[in-house]
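Data first, discussion second: the structure below is written as structure tokens.
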Amino acid sequence: MENTFQLVKNIIPPLTSKKHKGQAGRIGIVGGCQEYTGAPYFAAISALKVGADLSHVFCTREAAPVIKSYSPELIVHPVLDSPDAVHEVEKWLPRLHALVVGPGLGREDALLKNVEGILEASKARAIPVVIDADGLWLIAQQPTLIQGYRKAVLTPNHVEFLRLLEAVLTDPVDSSDRRGAGLRLSQALGNVTVVQKGEQDVISDGEQVLECNLQGSNRRCGGQGDLLSGFLGVMVQWALHAGPEKMNGFSPPLVAAFGACSLTRQCSHQAFQKYGRSTTTSDMIPEIGPAFSRLFET
Ligand SMILES: NC(=O)C1=CN([C@@H]2O[C@H](COP(=O)(O)OP(=O)(O)OC[C@H]3O[C@@H](n4cnc5c(N)ncnc54)[C@H](O)[C@@H]3O)[C@@H](O)[C@H]2O)[C@@H](O)CC1
Ligand SMILES: Nc1ncnc2c1ncn2[C@@H]1O[C@H](COP(=O)(O)OP(=O)(O)OP(=O)(O)O)[C@@H](O)[C@H]1O
Ligand SMILES: [Mg+2]
């Protein structure tokens, strides 16, 4: 794993006085509905805390005031359930470096239809997309939406991964062979990167497999995956910007995913050392800076 940490270090843009606001990352989160406001908040704040300059949330009308009230740092657009949602998001796309689609999105048909349009518009502009949570529900219904799009990264948990396997692979596959199953799924999706979260995170782009088994914690409180998706939104565009020559033969999304997984686990580890059983995802947020320094700035 040591060498892979070096690859992540190579993609981190230096902090210098020569840059203007926005150059380290402008990220959009697509998600947030009546039931779920925490998930898009976690994804959006983690993007900022890892180093993005601006973090936008595109959510439903009802969810917006709630998400805004969590943080003055987020830019919140209450557009996702509007009749022209796709256009409302599309007009921001030229100003965004990456999208994270799914945290707290819910599964309402009308919203998923809008997200379909947003994904098509993002692909047309070659914008990297991280797809998580209910975004993966949509992909399981319609895998062709991201088929062959190498700037897409999927971040399924255990259940979401099994759902994708079932939807995408025609032959039976032994899901207990996590490396083999991840490789097969990625290949079947045309080399979309797949991050299988779990006791070890298994990451594959259909050609290679990386595993992240950095010590995390035994707390499984909700929201940790949302933090991961926000980190990845930022890191995937850092990695693509750094270019393949800095990757030692790995693809940029693979290196970015390894970085995001490591950082999530390190934050979980540090928060658990302080709060033990009472650790929640909110306790991981103040750990982002120290965890990042520890892993990538030493
Ligand atoms: N504070 C919030 O607003 C949060 C909202 N969330 C949102 O909640 C929505 C549903 O996400 P879920 O992740 O619950 O997905 P699902 O609704 O597909 O539920 C998966 C279920 O499987 C269970 N499960 C997880 N790991 C398992 C394992 N290894 N073996 C067996 N069962 C397992 C979970 O407890 C969960 O009940 C998404 O929109 C998500 O973003 C979550 O991100 C958590 C935090
Ligand atoms: N058994 C485990 N041991 C150690 N770390 C784990 C374990 N399971 C998951 N993780 C870590 O927890 C983080 C979130 O993964 P998880 O599977 O809980 O995602 P999720 O269910 O999508 O979370 P969320 O509640 O945000 O939707 C990842 O960094 C993953 O590495
Ligand atoms: Mg999740």
Side-chain angles (χ1 to χ4, degrees), residues 1 29-47 50 57-60 62-63 66-67 69-71 80 100-108 111-112 115 130-141 153-167 175-176 178 181-182 194-203 210-233 235 256-272 279-285 287-288 291 295:
M1 276 207 315
I29 312 297
V30 178
C33 63
Q34 190 182 17
E35 290 86 356
Y36 307 123
T37 53
Y41 163 75
F42 286 136
I45 200 76
S46 68
V50 79
V57 178
F58 300 93
C59 60
T60 64
E62 281 180 302
V66 182
I67 298 170
S69 75
Y70 298 150
S71 165
L80 215 48
V100 179
V101 176
L105 175 64
R107 293 176 190 170
E108 244 185 61
L111 289 187
L112 296 181
V115 172
V130 174
I131 305 185
D132 187 34
D134 300 315
L136 296 170
W137 174 264
L138 174 64
I139 297 303
Q141 318 298 310
V153 187
L154 312 186
T155 54
N157 63 21
H158 179 69
V159 175
E160 290 157 345
F161 182 75
L162 294 182
R163 204 181 278 137
L164 285 168
L165 278 187
E166 172 104 353
S175 61
S176 65
R178 299 182 69 224
V194 177
V195 181
Q196 238 183 112
K197 297 175 292 191
E199 190 173 354
Q200 286 86 33
D201 298 322
V202 179
I203 310 161
L210 281 179
E211 276 191 39
C212 179
N213 54 18
L214 190 74
Q215 187 176 8
S217 86
N218 290 339
R219 273 291 278 145
R220 298 275 65 79
C221 52
Q224 299 186 56
D226 304 318
L227 286 191
L228 192 158
S229 68
F231 295 148
L232 187 50
M235 289 181 162
F258 181 86
C261 290
S262 312
L263 185 56
T264 311
R265 296 169 79 102
Q266 181 68 23
C267 289
S268 187
H269 177 65
Q270 290 180 196
F272 189 79
T279 304
T280 57
T281 298
S282 296
D283 298 320
M284 291 167 62
I285 295 168
E287 303 302 328
I288 296 172
L295 293 179

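Keep in mind it's a predicted model, so treat the numbers as computed, not measured. Order of listing sets the numbers, starting from 1, for every ligand and every atom in it. We count residues from 1, following the sequence as given.
For the residues Ala39, Ser282, Cys221, the heavy atom positioned nearest atom 4 (C) of ligand 1 is part of Ala39. Across Asp226, Leu105, Leu227, Thr281, heavy-atom proximity to atom 45 (C) of ligand 1 is greatest for Asp226.
In the vicinity of Asn157, heavy-atom distances shorter than 4.0 Å reach the ligand 1 atoms 13 (O). Under a 4.0 Å criterion applied to the non-hydrogen atoms of Gly223, ligand 1 contributes the atoms 44 (C), 45 (C). Of all atoms in ligand 1, numbered sequentially from 1 with element shown, those under 4.0 Å from a heavy atom of Arg163 are 18 (O). With ligand atoms numbered from 1 in the order given, ligand 1 contributes 9 (C), 38 (C), 39 (O) to contacts under 4.0 Å with heavy atoms of Asp134. Near Val159, with a cut-off below 4.0 Å to any heavy atom, the atoms of ligand 1 are 22 (O), 24 (N), 27 (C), 32 (N), 33 (C). Within the listing of ligand 1, atoms 38 (C), 40 (C), 41 (O) sit less than 4.0 angstrom from a heavy atom of Ala133.
A donor atom on one side chain and an acceptor atom on the other are found under 3.5 Å apart for Gln224 and Ser268.
Classification of Asp201 and Arg178 as a salt-bridged pair fails, no side-chain N sitting under 4.0 Å from a carboxylate O.
Screening Cys221, Ser46, Cys267 against Thr281 for a side-chain contact (heavy atoms from CB on, under 4.5 Å) leaves a single residue, Cys221. A side-chain contact (heavy atoms from CB on, under 4.5 Å) with Phe258 holds for exactly one of Val195, Leu214, Leu210; it is Leu210.
The shortest side-chain heavy-atom distance between Asp134 and Tyr36 falls under the 4.5 Å cut-off. Side-chain atoms of Val50 and Leu263, non-hydrogen and from C-beta on, do get closer than 4.5 Å to each other. Within the 4.5 Å cutoff, no side-chain heavy atoms of Cys33 are placed close to those of Leu105. Contact of the Cys59 side chain with the Pro40 side chain is not registered, since no non-hydrogen atoms from C-beta on lie closer than 4.5 Å.
Heavy atoms from other residues, nucleotides or ligands lying under 6.0 Å from CD of Gln141 number more than 12.
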Lys197 and Asp132: CA distance, side-chain angles, deciding distance, salt bridge (Lys or Arg N to Asp or Glu O under 4.0 Å) verdict
CA-CA 11 Å; Lys197 297 175 292 191; Asp132 187 34; 3.5 Å; yes

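When heavy-atom distances to ligand 2 are checked against 4.0 Å, the residues falling inside are Asn157, Lys197, Gly198, Glu199, Asp201, Ser217, Arg220, Gly222, Gly223, Gln224, Gly225, Asp226, Leu228, Thr264, Arg265, ordered by chain and number.
Distances between N or O atoms of Gly104 and those of ligand 1 include at least one value under 3.5 Å. Geometrically, ligand 1 and Pro103 share no nitrogen or oxygen pair separated by less than 3.5 Å. Between Arg107 and ligand 1, at least one N/O pair is under 3.5 Å apart.
Nearest protein heavy-atom neighbour of atom 11 (O) of ligand 1: Glu160 OE2, 4.7 Å. Of the protein's non-hydrogen atoms, the one nearest atom 1 (N) of ligand 1 is Gly38 CA, 3.7 Å. For atom 10 (C) of ligand 1, the nearest protein heavy atom (residue, atom name, distance) is Tyr36 OH, 3.9 Å. In this structure, the protein non-hydrogen atom closest to atom 30 (N) of ligand 1 is His158 CD2, 3.5 Å.
To the nearest 0.5 Å, the span separating SG on Cys261 from CE on Met235 amounts to 10.0 Å.
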